[in-house]
**Q** 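Just passing along the structure, written as structure tokens.
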Amino acid sequence: EVQLQASGGGLVQAGGSLRLSCAVSGVTIGYDDYAIGWFRQTPGKEREEVACITDSDGRFGKTYYSDSVKGRFTISSDDAKNTVYLQMISLKPEDTADYYCANGAMCNSGGYGMDDWGKGTQVTVSS
């Protein structure tokens, strides 16, 4: 069973930074094929895939970002810890959301390629 747990959220002022962690079990991110994405959800808004990292098809550490966070968010993995991170800088109030990670077949599928979803962590950015 694949399990994912996001952590590291909190309250930060606009322009600040946060580092989110996604602890993964049931899949070895440095060895098995994987696609792990970070998503965010705000009540009344559509779910957004903000970042994704994959090791499928020999594309080790291949990353993707949504236009809304590109240049500000960085997704990375620590194989030894079986953990995926989301480093967020220059945070904006519109980044406020519940952030969660997911594992599945591929990135950039609107979440439909994801099979396993973790519980989220709240990020609140004040102006």
Side-chain angles (χ1 to χ4, degrees):
E1 178 184 0
V2 177
Q3 294 185 326
L4 307 97
Q5 179 62 57
S7 62
L11 175 64
V12 64
Q13 293 186 32
S17 302
L18 282 174
R19 182 182 176 92
L20 306 183
S21 298
C22 176
V24 181
S25 63
V27 58
T28 302
I29 61 176
Y31 181 79
D32 299 328
D33 287 349
Y34 70 89
I36 297 178
W38 282 99
F39 297 78
R40 65 186 182 187
Q41 178 73 62
T42 300
K45 304 292 184 181
E46 289 291 324
R47 179 184 63 197
E48 180 183 16
E49 182 177 357
V50 297
C52 192
I53 187 167
T54 183
D55 193 32
S56 63
D57 298 323
R59 296 172 293 166
F60 182 79
K62 180 71 174 181
T63 59
Y64 303 89
Y65 300 94
S66 69
D67 290 340
S68 61
V69 308
K70 190 175 298 181
R72 299 187 298 116
F73 291 11
T74 302
I75 188 170
S76 62
S77 64
D78 186 329
D79 296 349
K81 298 183 182 298
N82 217 47
T83 300
V84 175
Y85 302 97
L86 185 67
Q87 180 67 53
M88 307 184 293
I89 65 171
S90 301
L91 284 162
K92 306 174 181 179
E94 51 262 47
D95 294 320
T96 296
D98 184 46
Y99 285 74
Y100 49 97
C101 49
N103 170 77
M106 61 181 177
C107 301
N108 301 321
S109 63
Y112 292 100
M114 298 296 177
D115 300 314
D116 310 292
W117 297 82
K119 294 182 178 180
T121 184
Q122 179 67 39
V123 172
T124 302
V125 184
S126 62
S127 60

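Since the structure is predicted, the reported quantities are computational estimates derived from the model, not experimental observations. In what follows, residues are counted from 1 in the order of the sequence shown.
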**Q** In Å, rounded to the nearest 0.5 Å, how long is the span from CG of D79 to OG1 of T28?
**A**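 Atom-to-atom, D79:CG and T28:OG1 are 9.0 Å apart.
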**Q** With sequence neighbours left out, what residues match D95 under side chain to side chain donor-acceptor pair (under 3.5 Å)?
**A**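 Only R40, R72 meet the side chain to side chain donor-acceptor pair (under 3.5 Å) criterion with D95.
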**Q** Distance from S25 atom OG to Q5 atom CD, nearest 0.5 Å?
**A** 10.0 Å
**Q** Which donor-acceptor pairs under 3.5 Å do the side chains of residues 110-127 make with protein atoms, sequence neighbours left out?
**A**
unit_1, atom_1, unit_2, atom_2, d
D116, OD2, N103, ND2, 3.2
T121, OG1, G9, N, 3.0
Q122, NE2, A97, O, 3.3

**Q** Quick one: are Q87 and S17 in side-chain contact, heavy atoms under 4.5 Å?
**A**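 In short, these two side chains touch, coming nearer than 4.5 Å.
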**Q** Mind checking the CD1-SG spacing from I53 to C22? Nearest 0.5 Å is all I need.
**A** 11.0 Å
**Q** Give me the ring orientation class for Y100 and F39: parallel if the planes are under 30° apart, tilted from 30 to 60°, perpendicular past 60°.
**A**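 Correct class here is parallel.
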**Q** As an exercise, state the distance from CZ of R19 to OG1 of T74, rounded to the nearest 0.5 Å.
**A**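 Answer rounded to 0.5 Å: 9.5 Å.
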**Q** Judged by atom type as modelled, is there a donor-acceptor pair below 3.5 Å linking the side chain of T54 to the main-chain atoms of Y34?
**A**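 A pair under 3.5 Å: yes.
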**Q** Just verifying a value: how many Å separate L11 CG and Q13 CD, rounded to the nearest 0.5 Å?
**A** 8.0 Å
**Q** Any donor and acceptor pair, going by atom type alone, linking the side chain of N82 with main-chain N or O of V24 inside 3.5 Å?
**A**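 A pair under 3.5 Å: yes.
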**Q** Quick one: closest heavy-atom pair of A102 and L4, and the distance?
**A**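 Shortest heavy-atom separation between A102 and L4 comes out as C-CD2, 3.9 Å.
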**Q** Which heavy-atom pair separates L86 from A51 by the least distance, and what is that distance?
**A** CD1-CB, 3.8 Å
**Q** Looking at side-chain heavy atoms only, is the closest gap between Y65 and I75 below 4.5 Å?
**A** yes
**Q** Taking T96's backbone N and O only, do any of them form a donor-acceptor pair with T42's side chain (distance below 3.5 Å, no angle check)?
**A**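 It does hold such a pair.
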**Q** Count I, L, V, M, F, W, Y as connected when their side-chain heavy atoms are under 4.5 Å apart, and connections chain through other members. Are F73 and L18 then in the same cluster?
**A** yes
